[in-house]
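The structure appears below as structure tokens.
What you are looking at is a predicted structure, and each value in this text was computed from that prediction instead of being measured.
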Amino acid sequence: LWVTVQRLDGSCDASSTTFSLRGIDTRLVWRSSAADFNAFLIDTKDKDAAAGFSDAGCAGPCSEYQSITSAASSYNLRVQADGGPWEVFVQEYR
């Protein structure tokens with residue numbers, strides 16, 4: 001069963017509150033109508049770990065998901081989006 005740990009939506013740039021992941025099966029699920037959409041899962045203990053690469057992204061309308069590898073830690077979700085509504089979910093399999 002996939003359980004949503006964090007959800008974020010909007011129509012421009014946004015950041016989530018801090019949340020915890022347990023380091024188990026994790027995925028990002030996103031839907032976007034923005035012209036440009038990028039989501040970053042940022043470890044609060046190592047903010048440079050992403051090295052500027054997004055964990056999710058698309059240009060134009062999309063609806064996708066991506067399995068990710070994440071250590072047990074505290075995270076923030078950051079989205080950079082331009083020109084349309086979007087939503088992103090961080091989910092763990094429990």
Side-chain angles (χ1 to χ4, degrees):
L1 174 66
W2 287 101
V3 175
T4 298
V5 177
Q6 182 64 271
R7 178 181 183 276
L8 191 62
D9 62 64
S11 58
C12 58
D13 297 353
S15 295
S16 74
T17 58
T18 301
F19 60 95
S20 296
L21 292 176
R22 299 186 305 172
I24 58 175
D25 291 338
T26 306
R27 71 181 183 181
L28 290 177
V29 179
W30 65 94
R31 291 184 277 281
S32 173
S33 296
D36 189 29
F37 169 85
N38 289 287
F40 302 84
L41 187 63
I42 301 167
D43 187 331
T44 60
K45 296 176 187 159
D46 187 5
K47 295 181 189 249
D48 295 327
F53 294 101
S54 65
D55 295 290
C58 60
C62 64
S63 179
E64 302 178 37
Y65 73 92
Q66 172 73 37
S67 296
I68 57 174
T69 302
S70 59
S73 189
S74 295
Y75 290 87
N76 292 102
L77 184 61
R78 189 179 80 215
V79 171
Q80 295 174 337
D82 184 22
W86 53 264
E87 61 183 343
V88 61
F89 303 86
V90 179
Q91 298 179 329
E92 288 183 330
Y93 192 80
R94 297 183 182 168

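Across all their heavy atoms, Val88 and Trp30 have their closest contact at CG2-CB, 4.0 Å. Minimum interatomic distance between Asp43 and Ser74 (heavy atoms only, all atoms of both residues): OD1-O, 3.5 Å. Considering every non-hydrogen atom in both Asn38 and Gly57, the closest pair reads OD1-CA, 3.8 Å. The shortest non-hydrogen separation linking Tyr65 to Arg27 is CD1-CD, 4.2 Å. Pairing each heavy atom of Ser70 with each of Tyr75, the nearest pair is CB-OH, 3.5 Å. What you find for Phe37 and Ser32 is that their closest heavy atoms are CB-OG, 3.5 Å.
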In a table with atom names and distances, give each donor-acceptor pair under 3.5 Å that connects a side chain of residues 11-20 to protein atoms at least two apart or in another chain.
residue: Asp13; atom: OD1; partner: Ala81; partner atom: N; Å: 3.0
residue: Ser16; atom: OG; partner: Leu77; partner atom: N; Å: 2.9
residue: Thr18; atom: OG1; partner: Asn76; partner atom: ND2; Å: 3.2

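Proximity of a side-chain donor or acceptor of Asp55 to a complementary backbone N or O of Leu41 within less than 3.5 Å is detected.
The disulfide (SG to SG under 2.5 Å) search around Cys62 returns Cys58, not counting sequence neighbours. Take Asp36 and apply the salt bridge (Lys or Arg N to Asp or Glu O under 4.0 Å) test, not counting sequence neighbours, and it matches no residue. Applying the salt bridge (Lys or Arg N to Asp or Glu O under 4.0 Å) rule to Glu64 yields no partners; only residues at least two apart in sequence or on another chain are considered. Applying the salt bridge (Lys or Arg N to Asp or Glu O under 4.0 Å) rule to Arg22 yields the partners Glu92; only residues at least two apart in sequence or on another chain are considered.
Cluster membership check: Val79 shares its hydrophobic cluster with Val5, using side-chain heavy-atom separations under 4.5 Å among Ile, Leu, Val, Met, Phe, Trp and Tyr.
Other residues sharing a hydrophobic cluster with Tyr93 under the 4.5 Å side-chain heavy-atom criterion for ILVMFWY residues are Trp2.
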task: Show your working on side chain to side chain contact (heavy atoms under 4.5 Å, CB included) between Phe89 and Arg31 and close with a plain yes or no.
output: CA-CA 9 Å; Phe89 303 86; Arg31 291 184 277 281; 3.4 Å; yes
Test side chain to side chain contact (heavy atoms under 4.5 Å, CB included) applied to Gln6 and Leu21, step by step: CA-CA 10 Å; Gln6 182 64 271; Leu21 292 176; over 6 Å; no
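Checked options Thr26, Thr4, Asp25; the residue passing with Gln91 is Thr4 (criterion: side chain to side chain donor-acceptor pair (under 3.5 Å)).
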